Amino acid sequence: MKVIAWLAGIGTLLAGGFYMIVSLNRWEWNRALFFGLIVLIAEVGLATGLVLRRLTRLEYRMKVDPVVAQILRETRPPSSDRFAWLRQSTRELNVFITFIIGGGIIISGIAWVVDRVASKTSSPAGEQRLGRQLGAISYPSGGLLLDDVTVLAQEVPGANDEQIRQLLRRSGSP
Amino acid sequence: MRKLKPLRILLGLVGLGIGVVLVLALREATLSTHEPVAAERMELVVHAKTKGGEKGQTLAEMVEAQLSTCRLEVTSDLAAPIESLGDGNFRTVLSPALDETDRKQFRGCVGDWLIDHLQMSVVELQDLR
């Protein structure tokens with residue numbers, strides 16, 4: 001079956017190549033393209049078959065004799081018990097507890113240092129920047145109360161201060 | 001590094017030589033070289049057949065379409081209407097006449113797969129005196 005497949009692939013490649021050259025020689029470009037496509041398909045198929053055959057051979061070579069594998073399994077040294085210390089009595093101060101306590105002390109120390117450094121880095125320049133940002137929403141410097149001169153000035157024709165009128169409306173003035 | 005056997009080197013050189021000759025021959029066969037032609041018109045007879053084409057499409061329409069496409073490749077006009085000779089044969093006249101390269105190109109175009117379900121071949125392509 002494999003031989004038939006290989007022969008079919010090679011035959012397709014050769015026939016496609018032959019007809020492609022004949023078509024080119026006859027100036028039949030579409031036919032040449034079609035046969036070129038057939039050649040390409042056959043070539044990819046054959047190349048894939050060759051690669052798979054080589055991989056199969058490699059796999060066969062890499063197979064280990066089962067008797068040897070059995071001997072190696074039986075003579076395998078026992079694996080070391082790396083977590084034996086977990087099964088020790090909880091009344092003893094073992095490495096685990098020491099590690100937890102030591103780690104806690106170190107992390108607390110780091111947190112204290114970070115806190116001290118952070119508290120020292122709040123500079124007056126930062127406060128000034130915050131003050132400038134708050135200026136946009138602060139009250140006017142003279143307060144929200146209107147004096148009589150300002151109220152009377154709104155009666156003059158042509159005077160039209162929208163903010164003052166808004167304050168007058170809030171205070172109940174006409 | 002693996003040593004190459006002389007026989008393999010020889011076979012490789014032979015294969016290379018055949019490939020180069022083939023490419024050069026193909027280049028020569030597909031190269032356009034135009035020359036003046038004595039005749040002014042040419043008679044063209046083609047044979048056409050169709051199988052499984054669209055309904056409503058006649059063989060004459062398909063032949064006309066393919067010939068109209070092919071004459072654009074050789075800058076020659078159909079100087080007479082395409083007439084049916086029966087048995088799938090059709091005749092027309094091309095003007096001006098084609099030189100050797102254009103004839104090969106026109107024959108190739110007529111025999112090419114341009115229109116679905118249509119197969120054409122040149123029966124006769126000769127100068128008209």
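Here is how names work: the chains are called A, B, and so on, in the same order as the sequence lines, proteins then strands, and each is numbered from 1. The structure displayed is predicted, hence computed values, not measured ones.
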What about [X] and [Y], same hydrophobic cluster or not, with Ile/Leu/Val/Met/Phe/Trp/Tyr joined at side-chain heavy-atom distances under 4.5 Å?
{"X": "A:Ile38", "Y": "A:Phe18", "value": "yes"}
{"X": "B:Leu118", "Y": "B:Val122", "value": "yes"}
{"X": "A:Leu7", "Y": "A:Leu46", "value": "no"}
{"X": "B:Leu125", "Y": "B:Leu67", "value": "yes"}
{"X": "A:Trp6", "Y": "A:Val39", "value": "yes"}

Worksheet item: Relative to the ring of A:Phe35, is the ring of B:Trp113 parallel (under 30°), tilted (30 to 60°) or perpendicular (over 60°)?
Response: tilted
Fill in: Heavy-atom pair count under 4.5 Å with chain B, highest-scoring of A:Glu28, A:Arg31, A:Arg26
A:Arg31
Discussion item. Less than 4.5 Å to any heavy atom of chain B: does that hold for the side chain of A:Leu33, its backbone, both, or neither?
Written reply: neither
Practice prompt. Name, in order of residue number, those residues of residues 29-56 of chain B that have a heavy atom at a distance of less than 4.5 Å from a heavy atom in chain A; otherwise write 'none'.
Written response: B:Ala29, B:Thr30, B:Leu31, B:Ser32
Discussion item. Using only non-hydrogen atoms and a strict under-4.5 angstrom cutoff, which residues of residues 70-108 of chain B touch chain A?
Written reply: B:Thr101, B:Lys104, B:Gln105, B:Gly108
Fill in: Side chain, backbone, both or neither of B:Leu22 within contact of chain A (heavy atoms, under 4.5 Å)
side chain
Worksheet item: Got a sec: does the CD of A:Glu59 have more than 12 other heavy atoms crowding it under 6.0 Å?
Response: no
Discussion item. So, taking the atom named CG in B:Asp112 and the one named CG in A:Asn30, what distance separates them when rounded to the nearest 0.5 Å?
Written reply: 4.0 Å
